[in-house]
2 protein chains.
Amino acid sequence: MTQLRFALAQIDTCVGDLDGNADKILQYAHRAAHGGAQVVVFPEMTLTGYPIEDLALRRTFRQAAWDKANWLATELEADGLGDLYVAVGTVGTDHALDKPRNRMVVLHDGTVWAGYDKHFLPNYGVFDEFRIFAAGERTVVVDIDGVRVGVAICEDIWQDGGPVARLAEEHIDVLMTMNGSPYEEGKTHTRYDLAVKRAREVDAPMIYVNQVGGQDDLVFDGGSFVVDRDGTLLERSPMFMEHLGFFDLDTDAEKQTAGEIAPMPDPDEEVYTACVLGLKDYMAKNRFTGVCLGLSGGIDSALVAAMAADACGGHNVHGISMPSMYSSLGSKDDAADLAANIGAHYDVQPIEPLFNAYQNQLQLEGVAAENLQARIRGVIVMAYSNSLGLLAVATGNKSELACGYSTIYGDAVGGYAPIKDLLKTRVWELARWRNRAAAAGVGIGGLRIVGNEQGDPGVPLKDGVMIPVNSIVKAPSAELRPGQKDSDSLPEYALLDKVLAAYIEHAHGRADLLADGFDAKTVDTVMRLVDRAEWKRRQYPLGPKVTALAFGRDRRLPVTNAFRE
Amino acid sequence: MTQLRFALAQIDTCVGDLDGNADKILQYAHRAAHGGAQVVVFPEMTLTGYPIEDLALRRTFRQAAWDKANWLATELEADGLGDLYVAVGTVGTDHALDKPRNRMVVLHDGTVWAGYDKHFLPNYGVFDEFRIFAAGERTVVVDIDGVRVGVAICEDIWQDGGPVARLAEEHIDVLMTMNGSPYEEGKTHTRYDLAVKRAREVDAPMIYVNQVGGQDDLVFDGGSFVVDRDGTLLERSPMFMEHLGFFDLDTDAEKQTAGEIAPMPDPDEEVYTACVLGLKDYMAKNRFTGVCLGLSGGIDSALVAAMAADACGGHNVHGISMPSMYSSLGSKDDAADLAANIGAHYDVQPIEPLFNAYQNQLQLEGVAAENLQARIRGVIVMAYSNSLGLLAVATGNKSELACGYSTIYGDAVGGYAPIKDLLKTRVWELARWRNRAAAAGVGIGGLRIVGNEQGDPGVPLKDGVMIPVNSIVKAPSAELRPGQKDSDSLPEYALLDKVLAAYIEHAHGRADLLADGFDAKTVDTVMRLVDRAEWKRRQYPLGPKVTALAFGRDRRLPVTNAFRE
């Protein structure tokens, strides 16, 4: 009987930070050895961070990564961990093609073992790997104390054929994979189903180690796991936290013994936590400790402020109320209440004197005058950002961005937009979830997330309410002219969001939308709004691909696109 | 003896505009037939426009393109052109993979002939084709009245092996290629050398038809040509204009007879014209007739205003002088002189009252106060844009954008940045060239360019000067604090631009830059400026890929990048 203990090191890396990533690998290798593991597996491109995009093309960076991998192997041995097998991801070089490779190396006995290169290079959605890497061609089975360990990297298990199909012929004892799989709602189940299929294919248990943390505009959710060849879940790490899990392989057993199975969050908690983690890591990796944002009293800025407080603490949130002549008293109260609830800094900067100063010179009317109000607010938010060193966060949601209900250089200013991928109806749901969680004792900063692995309950909320109920229940309004309501310009959000999901996310054309059961008037209104919004965004891109990113990379369309369905 | 007359239809298409592109194809097919051609060749993806990016992935768009190709074939026959062979580019579908293809079809006898699909899909620099298309696998030789015509699309001729290598075995009489090859300085010669190599390889003359016009942030320069198998240039179309060239193939002749050879522009004229064409077509394709911009009296805004006047006429240019308390009298005069020279609208909007209104509330200091001035100007430029329906153009050059000498939401606002890919030293050179051309009689709008194929000399310039000499010769300054000069913060531009070219465009690391002969102090200064500027841009991207686009896609780096060489 051969037994082998694997450690699943679900860590949060930072792109380009070779020193920091190597230090963390070292620290987790120590913990793994201390926990009795013979093998420790890290996520895809651990040492370099992921995704590294065209940084991989810089020769100097590849050289530095290679040097660091060697340093790490030496350091592990010097620390008495030479016997441990440490599987880390890094960037390699195909010297014949002078192209980078997405590589797994195994550090052992003070050396960097010849590695495995990813075969399937995803080049769709948020992925551009075929652009950057040369594809691997070999399959690799590592012999560890007589155990045959087959390896694969992320996309290799999502495609039929290729390395996994070849490993099926190799009588392996376990399939060990490292992954950088970005969060999508519901993806956990997709990953399990896939893993079960692959475990059956190779007739061995499969280990799935995923990255955790925010990187640029992506969030990686962790949730590493092990499944047996019969589909039994043997281990599951928590989502959104760094974690070291263990799995004991017994090569003689027909069925493996299950270990720790972390519970799954509910769907609203999952999405809310993903948004907070994205913001929190964006701040950490870009060296910000605080944020500033406009607080209008509306639901979008209230939810973003709550997320920011959960990410960096209420005392690091600077809320700015910027009332105009059209702002209702209720709005100002709601903004102040929210700031008080989360313990944020709160300033009032009326925009009327500034608006009047511009109008003395410019005499603007209509939409130009509405945009002017939004842009004065943008200048004020950026003034706070510049003078206090804060990250400006934008508060736009996906519904309004898709429909162009937003002012470029106005309410759209900011370095990060935490809810840009949430439709408006989801914004309301998450606000309600956060208040329920507050009532149940989840204080400010009390989410289970990277940096709060121990489950600190956070700062308790007065009356157990985080987001003022009035901000959730009142009719949405931009308050840029007297009595304005979103529903003057847009269909009701309950309907709008359904059409947007079909048109944008599922790429349904006009005929499809009618077949989906939407009425022609609504379909034509929404298509016109979205197409016009894309056209408006295209006017101010300074580079074409900005446009699609503005609402979440669902569509990566060209700047000039005269096609109308 | 078999003779066949080819027409080279170098046209300017618009992405997504199936109707407009089809109408233009029809019009050029008539002209080709009228000129006695039996075959007419259009650029890559003529019908859909190019590059179409993820628009290709929309099923509804592919269906519409297919319908339009069939309509076009029918229409050609109805017009009596059924005998003509019309080679157009379009999007196809690989039904097995449900993926688009980059396709050439030949329209003849009222039908769409089975086409040829591009084999090599470029996925580097500005290209993302592997992301979008499935690769073709077949080579195609079209038999036209007994003449064997081998075909290829753009990148197919840039790679060794593949379809051209296979055509070399097929005893073809001519190699006919359609291209969408973006402009780069000096690329004309690279294309010739390549074409000669391929003509030798297939032992037949080669036809190279290229797209012309601006599309999003790319400019296509045209310059279509034919080379003989011995390297003789047989035809050359002008750059930057739509054009119909002809080539008579004699299959029995050892050497073909040369036709029209258009002259080449000088290097400064070439770059200047490329910038104007990019702006002109961006306006046309996004339905703008005028532009607005801040006129500071400096060389950058002066050159951009001159380019804008050449693109849309001086009377469609709205120059706004926005002096602060730190603006010199000379600067205001230079701005007014420039506006008068080009016949632009000219308004003066002092920013001091607005600056004071903000400072009453905000009391900003240092860089925050400097940025405030730039952002007030940004709000004013956008107010003109919104209220008059003008395209705001940004005036930043590549040197200052690379070094972060620019304010986001301030001087960086705009929908198009005509000189963002020009280093500062080149800005001066182009300004001098434009004045020389003005003295030689090239009036405003008098460039030979799409829309001015007949060479209208344009509106003559008073005294033959377009750009005030003072704007060219004075020391550059942002004028955001008293006595400020660019050289306080940056190395002299003559040196800076050389280091930037090496570090950014040629990806030289620190050791390379020292080996290039730059001194360590300069190298460290420039590297620190560029890295810090990237970090600053990364703070406000709202999506990661914005950063690299800000200075011309040389580097497509991730947002968070802690790596330092």
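- At a 4.5 Å heavy-atom cutoff, N356(A) makes no contact with chain B through either its backbone or its side chain.
- Residue D347(B) does not touch chain A at all, counting heavy-atom pairs closer than 4.5 Å.
- Minimum interatomic distance between G509(A) and T60(B) (heavy atoms only, all atoms of both residues): CA-CG2, 3.8 Å.
- Within the 3.5 Å criterion, the main-chain N or O of H508(A) finds a donor-acceptor partner in the side chain of R58(B).
- For the atom pair CG of N123(B) and CG of D128(A), the computed distance is 7.5 Å after rounding to the nearest 0.5 Å.
- Your options are Q63(A), Q349(A), R59(A), and the one with the most heavy-atom pairs under 4.5 Å with chain B is Q349(A).
- The choice from L57(A), N371(A), V379(A), I380(A) that makes the most heavy-atom pairs within less than 4.5 Å of chain B is V379(A).
- Taking each heavy atom of Q361(A) and P353(B) in turn, the nearest pair found is OE1-CG, 3.7 Å.
- Classified by interplanar angle (parallel below 30°, tilted 30° to 60°, perpendicular above 60°), the ring pair Y358(A)/Y358(B) is perpendicular.
- There is no contact between P122(A) and chain B, counting heavy-atom distances below 4.5 Å.
- Looking only at distances, a side-chain donor or acceptor of Y409(B) sits under 3.5 Å from a matching main-chain atom of G414(A).
- Of the two parts of I376(A), the backbone and the side chain both hold a non-hydrogen atom closer than 4.5 Å to a non-hydrogen atom of chain B.
- In terms of heavy atoms, L354(A) sits closest to A357(B) at CD2-C, 3.5 Å.
- Heavy-atom minimum distance, A368(B) versus N386(A): CB-CB, 3.8 Å.
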